Amino acid sequence: MHDIRLLRDQMDHLREGMRRRGKLDELGPLLDRAEALEKDRRDAIRAAEEMQAQRNRISQEVAQLRRAGENADALMAEGRTVGEQIASLEARRQAVEAEMQDILLQLPNLTLDEVPAGGEEANDVVRTWGTARASDGTVVPHWEVGERLGVFDLARGAKISGSGFIVYRGLGARLVRALMNFMVDVHVDEHGYEELWVPLLVNRATMTGTGQLPKFEDDMYAVANDDLFLIPTAEVPVTNLYRDEILEPGELPRGFVAFSACFRREAGSAGKDTRGLLRVHEFDKVELVRYATPENSRAELELLTSHAETMLQRLELPYRVLRLAAGDTGFSSAMTYDLEVFAPGVGKWLEVSSCSVFTDFQARRANIRYRAAAGEKPRFVHTLNGSALAFSRIIAALLEQHQMPDGSIAVPKALQPYLGRDTLR
RNA sequence: GGCGCGGUGGCAGAGUGGUUGAAUGCACCGGUCUUGAAAACCGGCGGACCCGAAAGGGUCUCGUGAGUUCGAAUCUCACCCGCGCCGCCA
């Protein structure tokens with residue numbers, strides 16, 4: 001959510017931001033409407049507050065008269081009239097603010113200047129690591145080799161829950177545990193993150209704090225009886241950890257790592273990448289979240305991204321880093337790097353991490369602030385998050401990239417202690 | 001799920017309709033004193049918003065939302081959260 005003040009003094013900036021995302025045609029009229037509403041809003045506030053001040057004066061005079069034992073009927077009648085006027089001014093103000101809020105919630109974050117304008121075609125590859133195996137038909141897709149090795153059971157997952165729900169079994173189930181322990185250990189022991197284990201069901205306020213609600217309610221699994229939602233990513237509970245709080249001087253930057261299951265309805269996604277592990281309704285993920293100062297948040301994005309990249313290097317999975325163009329950058333993000341690993345069996349680059357800086361866009365919504373020094377005014381923190389990493393696609397990539405000619409899988413060195421062997425066969 | 005009690009400023013804790021945004025203590029910030037520190041003393045000390053170049057003025061905020069009233073931290077209703085006991089339970 002943007003600062004309302006931008007509507008007063010930075011309309012050009014807002015308009016330019018929407019244009020770079022390719023959304024000016026869609027959102028330009030909303031900006032115009034919001035600009036007009038902002039004037040109405042302030043007029044309504046001023047009018048209502050003047051009346052409230054008058055009511056307060058009347059009440060005090062009534063109190064004085066009564067204390068002196070005099071009659072205050074005339075003043076009380078005047079107060080009643082003023083009260084009625086206040087009620088109608090307040091109603092007008094609420095209507096204006098509701099419409100304004102509605103518009104503000106629809107405006108995406110402004111991207112940083114270095115983010116190129118345009119859509120997906122304007123993404124750049126900023127670096128690559130390792131040499132991906134050629135997709136020459138010698139590598140069997142992960143769903144075939146995975147079923148053959150018995151590491152997962154897609155049919156039974158579909159039976160007990162539906163398509164897009166995976167049963168991992170045997171070494172596959174152990175691989176999930178191994179990945180979880182490996183990744184969390186590295187982030188805690190080497191990168192200094194605090195480990196969290198968080199609820200998977202969260203309330204409406206939490207979902208609104210990180211921006212999933214109100215716009216994306218249909219993409220969420222919900223528990224209607226209790227008005228709770230299954231999290232689409234641990235970003236949601238973790239970023240909300242300090243919602244409506246003020247951090248004290250010296251507490252920034254802070255980093256949190258959490259393993260969690262992630263639930264995605266993705267109602268419109270049927271038909272694309274439906275086979276295997278590439279697009280599923282429930283998957284596991286290790287998520288990194290950072291709180292930073294505005295001065296450091298840009299540098300923190302590089303740090304966070306490097307932490308995610310470390311995981312891929314240790315898993316010996318060749319990858320590339322994309323800087324997303326404005327139009328491909330998520331709603332709340334100011335700048336995003338995607339990490340993609342190559343899966344030679346399916347011949348695709350798979351997005352396994354998305355590292356973003358949200359500037360103060362999420363913090364304003366979730367009301368997370370900090371004090372730079374004792375006695376100073378609180379300011380909004382900058383939030384960042386990135387996956388490090390998303391399991392199902394990593395498992396797909398491992399099964400393809402490390403596939404041996406005999407169909408067995410070479411386990412990367414870093415994972416061997418966690419898995420207790422060097423080969424899956 | 002049932003019954004009971006309770007939610008006030010960073011914390012503790014007064015306050016049951018009228019100059020209460022809120023006593024008091026602690027914490028915190030500035031100062032005096034001191035070689036320095038502590039103690040003591042003096043002063044300051046929540047947040048959001050509106051008007052204003054500023055100085056300053058105003059509004060809202062005592063869990064949340066509605067209501068009663070000229071006036072609500074104080075009264076009414078609903079909801080949320082916490083604590084205690086009982087029931088159920090991995």
Side-chain angles (χ1 to χ4, degrees), chain A residues 1-10 34-101 103-105 197 199-209 213-214 222-229 237 240-252 261 360-381:
Chain A
M1 189 166 63
H2 293 289
D3 188 340
I4 283 186
R5 276 171 288 207
L6 293 183
L7 293 170
R8 301 215 283 266
D9 43 39
Q10 300 206 43
E35 191 175 21
L37 282 170
E38 171 56 13
K39 284 200 183 68
D40 290 351
R41 188 181 73 93
R42 279 183 298 158
D43 287 347
I45 287 172
R46 195 172 334 118
E49 288 187 354
E50 278 168 16
M51 294 309 280
Q52 283 168 331
Q54 191 181 337
R55 179 195 59 195
N56 291 346
R57 278 195 300 274
I58 290 171
S59 297
Q60 288 190 4
E61 284 177 44
V62 169
Q64 278 170 16
L65 287 176
R66 306 255 300 225
R67 241 192 316 276
E70 292 176 37
N71 181 297
D73 290 353
L75 264 183
M76 281 164 62
E78 193 185 340
R80 205 166 308 140
T81 315
V82 169
E84 284 159 13
Q85 288 171 320
I86 289 172
S88 81
L89 287 167
E90 276 298 314
R92 184 178 127 212
R93 169 180 168 176
Q94 280 178 19
V96 170
E97 288 191 341
E99 189 182 346
M100 177 79 113
Q101 187 70 7
I103 291 176
L104 281 175
L105 289 175
W197 193 276
L200 305 180
L201 281 170
V202 299
N203 60 32
R204 189 170 282 277
T206 296
M207 276 295 197
T208 306
L213 295 182
V223 182
N225 282 346
D226 299 287
D227 207 29
L228 293 171
F229 299 85
N240 275 280
L241 196 63
Y242 287 89
R243 171 156 52 84
D244 293 323
E245 295 193 41
I246 299 174
L247 299 170
E248 293 307 317
E251 288 195 81
L252 295 180
D360 61 3
F361 195 82
Q362 282 185 331
R364 178 170 294 108
R365 239 178 134 106
N367 193 28
I368 306 165
R369 292 173 295 170
Y370 77 103
R371 247 184 262 278
E376 268 191 28
K377 263 178 102 76
R379 301 160 72 196
F380 290 111
V381 304

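So you know, we letter chains A, B, ... as the sequences are listed, proteins then strands, and number each from 1. The basis for the numbers below is simple: all heavy atoms, side chains too, and nothing from hydrogens, waters or symmetry mates. Since the structure is predicted, the reported quantities are computational estimates derived from the model, not experimental observations.
- Whole-Å rounding puts the A:Asn203 CG to B:C79 P distance at 18 Å.
- For the C1' atoms, the distance linking B:U24 with B:G9 amounts to 13 Å, nearest Å.
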N/O-N/O pairs, protein side and nucleotides 17-21 of chain B side, under 3.5 Å:
{"unit_1": "B:G18", "atom_1": "O6", "unit_2": "A:Arg66", "atom_2": "NH2", "d": "3.3"}
{"unit_1": "B:G18", "atom_1": "N2", "unit_2": "A:Ser59", "atom_2": "O", "d": "3.1"}

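- With a cut-off of 3.5 Å on both Watson-Crick or G-U wobble distances, the partner of B:C26 is given as B:G10.
- Heavy-atom minimum distance, A:Arg364 versus A:Met1: NH1-O, 3.0 Å.
- Taking all atoms of both residues into account, the shortest heavy-atom contact from A:Ala366 to A:Arg243 is O-CG, 3.0 Å.
- Separation of the P atoms belonging to B:A39 and B:G58 is 38 Å when rounded to the nearest angstrom.
- Pair check for B:U76 finds B:A66; Watson-Crick or G-U wobble, both atom distances under 3.5 Å.
- Scanning both residues, A:Val202 and A:Pro237, for their nearest heavy atoms gives CG1-CB, 4.3 Å.
- The residue A:Arg41 sits close only to the backbone: its heavy atoms come under 4.0 Å of sugar-phosphate atoms, none of a base.
- In this structure, A:Gln52 places its CD atom 12 Å from C1' of B:U61, rounding to the nearest Å.
- Considering only side-chain N and O atoms, A:Arg8 lies under 4.0 angstrom from the phosphate OP1 or OP2 of B:C50.
- Within the 4.5 Å cutoff, side-chain heavy atoms of A:Leu7 are placed close to those of A:Leu104.
- Each of B:C60, B:C70, B:G47 was ranked by its minimum atom distance to the side chain of A:Arg55; first place goes to B:C60.
- B:U32 and B:A37 are spaced 11 Å apart, taking the P atom of each and rounding to whole Å.
- Across all strands shown, A:Ile45 has heavy atoms under 4.0 Å from sugar-phosphate atoms exclusively, and none from any base.
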In a table with atom names and distances, give each donor-acceptor pair under 3.5 Å that connects a side chain of residues 52-69 of chain A to protein atoms at least two apart or in another chain.
{"unit_1": "A:Ser59", "atom_1": "OG", "unit_2": "A:Arg55", "atom_2": "O", "d": "3.1"}

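- How far CG of A:Asn240 is from CD of A:Gln362: 8.5 Å, rounded to the nearest 0.5 Å.
- Between B:A72 and B:U20, the two P atoms lie 15 Å apart (nearest whole Å).
- As the counterpart of B:G46, B:U61 is assigned, both hydrogen-bonding distances of the Watson-Crick or G-U wobble pattern falling under 3.5 Å.
- Atom-to-atom, OH of A:Tyr370 to C1' of B:G46 comes out at 19 Å; the value is rounded to the nearest Å.
- The gap from the C1' atom of B:A73 to that of B:U64 amounts to 15 Å, rounded to the nearest Å.
- Going from the P atom of B:U59 to that of B:A40 covers 39 Å, rounded to whole Å.
- Base pairing of B:G82 is made with B:C5, judged by Watson-Crick or G-U wobble geometry with both donor-acceptor distances under 3.5 Å.
- Note: CG (A:Leu75) to P (B:U69) measures 18 Å, nearest angstrom.
- Straight-line distance from the CE atom of A:Met76 to the P atom of B:G71: 9 Å, rounded to whole Å.
- Rounded to whole Å, the P atom of B:G25 lies 15 Å from the corresponding atom of B:A14.
- In this structure, A:Glu97 atom CD and B:C60 atom P are separated by 15 Å, rounded to whole Å.
- The partner of B:U34 is absent, by the rule that a Watson-Crick or G-U pair needs both atom distances under 3.5 Å.
- Taking atom CD1 of residue A:Ile86 and atom P of nucleotide B:C60, one finds them 8 Å apart after rounding to whole Å.
- Taking the P atoms as reference points, B:U69 lies 45 Å from B:C86, given to the whole Å.
- For B:A39, there is no paired nucleotide, since no Watson-Crick or G-U wobble pair has both relevant distances below 3.5 Å.
- Sequence order on RNA chain B of the closest nucleotides to A:Asn56 and A:Gln94 puts A:Asn56 first from the 5' end.
- The two residues A:Phe229 and A:Arg204 have their closest heavy-atom pair at CZ-NH2, 3.5 Å.
- OP1 or OP2 of B:C51 sits under 4.0 Å from a side-chain N or O of A:Arg42.
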Derivation and outcome, salt bridge (Lys or Arg N to Asp or Glu O under 4.0 Å), residues A:Arg42 and A:Glu38
CA-CA 6 Å; A:Arg42 279 183 298 158; A:Glu38 171 56 13; 3.3 Å; yes
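- Summarising the geometry, the separation between CG on A:Asn71 and C1' on B:C70 is reported as 13 Å, rounded to the nearest angstrom.
- In this structure, A:Arg93 reaches neither bases nor backbone, as no heavy-atom distance under 4.0 Å exists between it and the strands shown.
- Side-chain contact between A:Val381 and A:Glu245 is absent, with no heavy-atom pair separated by less than 4.5 Å.
- Using the Watson-Crick or G-U wobble rule with both distances under 3.5 Å, B:G52 pairs with nothing in any strand shown.
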